[in-house]
Amino acid sequence: IKDMREYAIANRRFGTVALTLTYLATNIAGASVFDVTAVIVDDGAIVTAALLALVFTFLFRAIFIAPQAPKFTHSTTIADPAAPFYRPTSKLIAGCLGILTTFCIATMELSMLGEVGYALFGWPRVWTIILGGVGSALYAAHGGIKSVTATDVFQFLVLLIGIPILAVLALEEAGGLQKVVAQVPKEKLQIVNHPEFARYLAMALIW
């Protein structure tokens, strides 16, 4: 890594496949897969109905935001496009919000890593979180966006291959798809009549 632009955007050398995979891996993270599944088990199909709202956010990005990207080819960070449209302080605000968001996401991911390390191997959560955090910081600091994208591509392949295999094995262990569906309580299939309908409607509108 020779300069900040190479560190942050790899001098725009990534191809469409790499960018697509890293985008999907970021939006379909392991935490989302397992956490959403757990919530669906607890609250039922209404969770899936609410999550369909995310489809509209992706369509909005594709139709209105993505076509504007060529205007900002000289931007290095997500905060850079704010400055030309608003006061210079907007760039600082956007940068601080970006740091806060990244900190929250990293905290959640490392917390989950600690839980996985404890559940699978009996490792102390604190040490697992520390080792995971140090490892992530080292490869991100050394390789920049290149190393992060490589990790995302690997993560997507794990999700693409691992999750379907896990689902098939779980279904076989449970006696097949028909048996699983037959055992789903009727109240788990409620949408409009669900006692939490108002809350999930609000969440869908926010999303």
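Source: prediction; values computed, not measured. Start at 1 with the first residue, then count along the sequence. Values below: every heavy atom of this structure, side chains too, minus hydrogens, waters and symmetry copies.
The cluster map of Ile, Leu, Val, Met, Phe, Trp and Tyr, joined by side-chain heavy atoms under 4.5 Å apart, puts Phe156 and Leu166 in the same cluster. In the hydrophobic cluster analysis, where Ile, Leu, Val, Met, Phe, Trp and Tyr join through side-chain heavy atoms closer than 4.5 angstrom, Leu120 is grouped apart from Leu113. The hydrophobic clustering, which links ILVMFWY residues whose side-chain heavy atoms are closer than 4.5 Å, places Ile46 and Val36 together. Linking Ile, Leu, Val, Met, Phe, Trp and Tyr residues whenever their side-chain heavy atoms come within less than 4.5 Å leaves Leu54 and Ile63 in two separate clusters. Residue Val153 is not grouped with residue Phe14 when hydrophobic side chains (ILVMFWY) are merged at heavy-atom distances under 4.5 angstrom, including chains of intermediate members.
The local environment of CD in Glu173 is sparse, with at most 12 non-hydrogen atoms from other residues, nucleotides or ligands closer than 6.0 Å. Around CZ of Phe197, the count of heavy atoms belonging to other residues, nucleotides or ligands within 6.0 Å exceeds 12. Within a 6.0 Å sphere centred on CD of Gln68, heavy atoms belonging to other residues, nucleotides or ligands number more than 12. The number of heavy atoms from other shown groups lying within 6.0 Å of CZ (Phe154) does not exceed 12.
With sequence neighbours excluded, the residues that form a ring-ring contact (aromatic ring centres under 6.0 Å, His included) with Phe60 are Phe64. Partners of Asp43 by salt bridge (charged side-chain N to carboxylate O under 4.0 Å, His left out), not counting sequence neighbours, listed by chain and number: Arg199. Partners of Arg5 under the salt bridge (charged side-chain N to carboxylate O under 4.0 Å, His left out) rule, at least two apart in sequence or in another chain, do not exist in this structure.
Of all heavy-atom pairs between Lys179 and Ala174, the closest is CD-O, 3.5 Å. The two residues Ala204 and Ala53 come nearest to each other via the heavy atoms O-CB, 3.2 Å. Scanning both residues, Ile191 and Ala49, for their nearest heavy atoms gives CD1-CB, 4.1 Å. When every heavy atom of Thr76 is checked against every heavy atom of Ile9, the shortest pair comes out as O-CG2, 3.6 Å. Between Pro67 and Ala62, the shortest heavy-atom distance links the atoms CD-O, 3.3 Å.
Between Tyr139 and His142, every side-chain heavy-atom pair lies at or beyond the 4.5 Å cut-off. Residues Leu51 and Trp207 have side chains in contact (heavy-atom distance under 4.5 Å, counting atoms from C-beta outward). Between Leu159 and Gln155, the closest side-chain pair of non-hydrogen atoms falls below 4.5 Å.
Interatomic distance, Thr89 OG1 to Ile93 CD1, rounded to the nearest 0.5 Å: 5.0 Å. With rounding to the nearest 0.5 angstrom, the CG atom of Leu205 is 14.5 Å from the OH atom of Tyr200. Note that the NZ atom of Lys2 and the CG atom of Asn11 stand 9.0 Å from one another [nearest 0.5 Å].
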Please tabulate, one pair per line, all N/O donor-acceptor pairs under 3.5 Å involving side-chain atoms of residues 121-136, not counting sequence neighbours.
residue, atom, partner, partner atom, Å
Arg125, NE, Glu115, OE1, 3.2
Arg125, NE, Glu115, OE2, 2.9
Thr128, OG1, Pro124, O, 2.9
Ser136, OG, Gly132, O, 2.9

Extract all donor-acceptor atom pairs below 3.5 Å that involve side chains of residues 95-106 and protein atoms in other chains or at least two apart in sequence.
residue, atom, partner, partner atom, Å
Thr101, OG1, Leu97, O, 2.8
Thr102, OG1, Gly98, O, 2.8

Output a table of donor-acceptor pairs, distance under 3.5 Å, between side-chain atoms of residues 15-23 and any protein atom two or more places apart or on a different chain; print 'none' if there are none.
residue, atom, partner, partner atom, Å
Thr20, OG1, Thr16, O, 2.8
Thr22, OG1, Asp152, OD2, 2.6
Tyr23, OH, Arg61, NH1, 2.8

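No donor-acceptor distance shorter than 3.5 angstrom exists from the side chain of Ser75 to the backbone of Asp80, with no hydrogens or angles considered. Using modelled atom types, no side-chain atom of Thr149 and backbone atom of Lys146 make a donor-acceptor pair closer than 3.5 Å. Side chain of Lys188 to backbone of Asp42: a donor-acceptor contact under 3.5 angstrom is found.
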